[in-house]
Amino acid sequence: MQPGPEGHVAVYSKIVKGVEMEHPKEAVVLVVGGGGRCHAIVDALSRSPQVGKIYCAPGNAGIAAQAECVPLKDTQVEQLRDFAVERGVDLTVVGPEVALAAGIVDTFTAAGLRIFGPSKAAAIIESSKDFAKRLMAGYNIPTASYRTFEDYGEALEYVRKGPFPVVLKYDGLAAGKGVVIPETFEEADHALKDMLLDDKFGKGKVVVEEFLTGPEFSFMCFVDGERVFPMALSQDHKRAYEGDKGPNTGGMGAYSPLPFISEEDREYAMEHIMKPVASAMVKEGRPFKGVLYGGLMKTPSGIKVIEFNCRFGDPETEVVLPLLKSDIYDIFSAVADGRPMPEIKWEDKSSMGFVMASKGYPGPYEKGYVIEGLEDALSDPDVRIYHMGTAVKDGKTVTSGGRVLMVIGSGDTLKAAHEKALAAVGKIKCDNLFFRRDIGWRVLQ
């Protein structure tokens, strides 16, 4: 670990049998972001005996209980760098993709600051769907067939030929809402107009993909160049309403582990997808450091890639990190410094979480509704609550986003975790929240 600016002691030396050894002492960590994923990261860091002070920018009402929130947006890269220098931050951990795509890692690295996350060049695996598809095609990584279009008319003619449903993906970042799966030509036309004529998500291209069938799952790995270290598998629920109905969202709940994914499936995904794509990024001159997220599907013809993300998934992180037994500061440091990875251990337990969202989400919604019952819900030691979109107003916690809270239960089985989480959700009172009661329904039937 590198010492911070003058006056801040990040390490101390100890002489053991004539050998000087350095040990971390009360490390200062900055977490960039403010949603549920970042709350889960802050919570995991707070369990490390090596971490003495945590800052979070911008944070939220829940994060404020475990970290000092800093009024800086995740895209204010230069200001965040200056803050890290001024406060003697030993390590920065980046949550959201927008900060990574804005080049925060490059800016921090150029200033001699330690940071966990991929460079802007490597973050393109998420910031450009077209790049990701071309990479997979070039390195024989299994995925759906596709075509990329910039012209609305050409895309429409291609889609007109069918078959339906078809998958339409906006090429750039769209906060988890840039994927549409039209079942009719009329729906496809409407979506293509949104993406290519009206620039709903900004000016960009559209990837048109073959529709695959099968259960989806999330495979997150810590990656340092060609070194790939798997996390616990998880599955999220994208649709807004029960029965997997309604519009796509950023995720309405998640759980881990996955009974429908065998050890053989997991091994295949590691050896034929996650490791090869990490190697491909090195060969492309874009070595990846950080969390590589594989959104995968177990199709009748084998496991294939739906998408890659360049960071922790949200809401998957909220159910995966509570299962981590190892010190996450050691893991972040090993990747940031390019050092050997310590053994990563996981709890032999299950975790399930329910997202409580503002009514109207993922469309327009109102803010400022008071949330009560949080302390009562947390009375069970097997329950965690991560804040996704909250603020404090007149001393009370209020809603301030589309996805507001994620309530996580843990237990020896998924059924036990489900019951814990659902009981805690029932203790939370707010006039403007809704949630799906059927998280994990595929494995609980």
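Heads up: numbering here begins at 1 and tracks the sequence.
In this structure, the side chain of Ser351 engages the main chain of Val319 through a donor-acceptor pair within 3.5 Å. Judged by distance alone, with hydrogens and angles left aside, the side-chain atoms of Ser279 form no donor-acceptor pair with the main-chain N or O of Pro276 at under 3.5 Å. A distance-only check finds no donor-acceptor pair linking the side chain of Ser128 to the backbone of Ile124 [under 3.5 Å]. Looking only at distances, no side-chain donor or acceptor of Lys304 sits under 3.5 Å from a matching main-chain atom of Ser301. Looking only at distances, a side-chain donor or acceptor of Asp265 sits under 3.5 Å from a matching main-chain atom of Ser262. With hydrogens and angles disregarded, a donor-acceptor distance shorter than 3.5 Å links the side chain of Arg403 to the backbone of Gly250. When atom types are taken as modelled, the side chain of His237 and the backbone of Gly440 share a donor-acceptor pair closer than 3.5 angstrom. In this structure, the side chain of Gln76 does not engage the main chain of Leu72 through any donor-acceptor pair within 3.5 Å. When atom types are taken as modelled, the side chain of Asp171 and the backbone of Gly204 share no donor-acceptor pair closer than 3.5 angstrom. The backbone N or O of Ser145 lies less than 3.5 Å from a partner atom in the side chain of Glu210, making a donor-acceptor pair.
Checked for salt-bridge contact, Lys200 and Asp198 miss the test: no charged N lies under 4.0 Å from a carboxylate O. Salt bridge status for Lys325 with Glu347: absent, with no side-chain N to carboxylate O gap under 4.0 Å. Between Asp244 and Arg442 there is a salt bridge, since at least one side-chain N of the basic residue sits less than 4.0 Å from a carboxylate O of the acidic one. Salt-bridge check for Asp438 with Arg436: passed, with a basic side-chain N closer than 4.0 Å to an acidic carboxylate O. Ion pairing between Arg37 and Glu97 holds under the 4.0 Å rule for side-chain N and carboxylate O. Salt-bridge check for Lys53 with Glu68: passed, with a basic side-chain N closer than 4.0 Å to an acidic carboxylate O. Ion pairing of Glu126 with Arg311 is present here, as a side-chain N (NZ or NE/NH1/NH2) and a carboxylate O approach within less than 4.0 Å. By the 4.0 Å N-to-carboxylate-O rule, Arg47 lies too far from Asp327 to be salt-bridged with it.
Contacts classified as ring pair (Phe, Tyr, Trp, His ring centres under 6.0 Å) and involving residues 372-426 (residues at least two apart or in different chains) are given here: His39-Tyr386, His39-His387, Phe354-His418.
The aromatic rings of Tyr170 and Phe201 lie tilted to each other, with the angle between the two planes from 30° to 60°. The aromatic rings of Phe312 and Phe222 sit perpendicular to each other, their planes meeting at more than 60°, with 30° as the lower class boundary.
Taking the six-membered ring where the residue is Trp, the centroids of Tyr293 and Phe219 are separated by 6.0 Å or more. The ring of Phe332 has its center closer than 6.0 angstrom to the ring center of Phe116.
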Practice item. Start with the C-alpha gap between Asp330 and Gln50, add the side-chain angles, then the distance that decides, and say whether side-chain hydrogen bond (donor to acceptor under 3.5 Å, both in side chains) holds. Key: CA-CA 9 Å; Asp330 280 339; Gln50 302 180 66; 2.7 Å; yes

Practice item. Could you go through the side-chain hydrogen bond (donor to acceptor under 3.5 Å, both in side chains) check for Thr109 and Asp106 one step at a time? Key: CA-CA 5 Å; Thr109 302; Asp106 309 73; over 6 Å; no

Check your understanding: Hey, mind stepping through Val398 and Thr390 against side-chain contact (heavy atoms from CB on, under 4.5 Å) and telling me if it holds?
Key -> CA-CA 6 Å; Val398 299; Thr390 62; over 6 Å; no

Practice item. Test Val31 against Thr92 for side-chain contact (heavy atoms from CB on, under 4.5 Å), laying out the working first. Key: CA-CA 6 Å; Val31 177; Thr92 298; over 6 Å; no

Check your understanding: Do Leu168 and Val207 pass the side-chain contact (heavy atoms from CB on, under 4.5 Å) test, and can you show the C-alpha distance, the side-chain angles, and the key distance before you say yes or no?
Key -> CA-CA 6 Å; Leu168 306 180; Val207 173; over 6 Å; no

Practice item. Apply side-chain hydrogen bond (donor to acceptor under 3.5 Å, both in side chains) to Glu271 and Tyr268, showing your working. Key: CA-CA 5 Å; Glu271 298 302 324; Tyr268 178 90; over 6 Å; no

Exercise for review: Begin with the C-alpha distance, continue with both residues' side-chain angles, and end with the deciding distance and a verdict on salt bridge (charged side-chain N to carboxylate O under 4.0 Å, His left out) for Arg114 and Asp90.
Suggested key: CA-CA 6 Å; Arg114 297 167 73 238; Asp90 299 304; 6.0 Å; no

Check your understanding: Could you walk me through whether Lys133 and Thr143 pass the side-chain hydrogen bond (donor to acceptor under 3.5 Å, both in side chains) check?
Key -> CA-CA 8 Å; Lys133 296 297 288 190; Thr143 188; 2.8 Å; yes

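For Asp380, the side chain to side chain contact (heavy atoms under 4.5 Å, CB included) partners at least two apart in sequence or on another chain are Asp382, Val383, Lys420. A search for side chain to side chain contact (heavy atoms under 4.5 Å, CB included) contacts involving Pro259 returns Leu414, Val443, not counting sequence neighbours. Residues forming a side chain to side chain contact (heavy atoms under 4.5 Å, CB included) with Ala121 (at least two apart in sequence, or on another chain): Ser119, Arg286. Scored by the side chain to side chain contact (heavy atoms under 4.5 Å, CB included) test, Ser326 finds Leu324, Ile331, Ile344, Lys345 as partners (sequence neighbours excluded). For Asp236, the side-chain hydrogen bond (donor to acceptor under 3.5 Å, both in side chains) partners two or more places apart in sequence, or in a different chain, are Lys238.
Counting non-hydrogen atoms of other residues, nucleotides and ligands closer than 6.0 Å to NZ of Lys73 gives a total of 12 or fewer. Residue Lys120 places its NZ atom among 12 or fewer non-hydrogen atoms of other residues, nucleotides or ligands, all under 6.0 Å distant.
Here the closest heavy-atom approach between residue Gly411 and residue Ala416 is recorded as CA-CB, 4.3 Å. Of all heavy-atom pairs between Glu366 and Ser358, the closest is O-OG, 4.1 Å. Counting all heavy atoms, side chain and backbone alike, Cys38 lies closest to Pro96 at SG-CD, 4.4 Å. Shown here for Tyr255 and Gln235, the closest heavy-atom pair between the two residues is OH-OE1, 2.6 Å. Among all heavy-atom pairs drawn from Met356 and Val407, the shortest one is SD-CG2, 4.1 Å. Residues Tyr329 and Ala27 share a closest heavy-atom pair of OH-CB, 3.4 Å.
Remark: Lys367 is not positioned above the aromatic ring of Tyr369, lacking an NZ or CZ atom under 6.0 angstrom from the ring centre and at most 45 degrees off the axis.
For the atom pair Glu187 CD and Leu192 CG, the distance stands at 12.0 Å (nearest 0.5 Å). Taking OG1 of Thr184 as the reference point, atom NE2 of His190 lies at 11.0 Å (rounded to 0.5 Å). Atoms CD1 and CD, from Ile385 and Glu318 in turn, are 13.0 Å apart once rounded to the nearest 0.5 Å. For the atom pair CZ (Phe308) and CZ (Phe288), the distance works out to 10.0 Å, reported to the nearest 0.5 Å.
Side-chain contact check for Lys205 versus Lys129: every heavy-atom pair is 4.5 Å or farther apart.
Of the residues Asp431, Asn432, Ile428, the one that meets the side chain to side chain contact (heavy atoms under 4.5 Å, CB included) test with Ile371 is Ile428.
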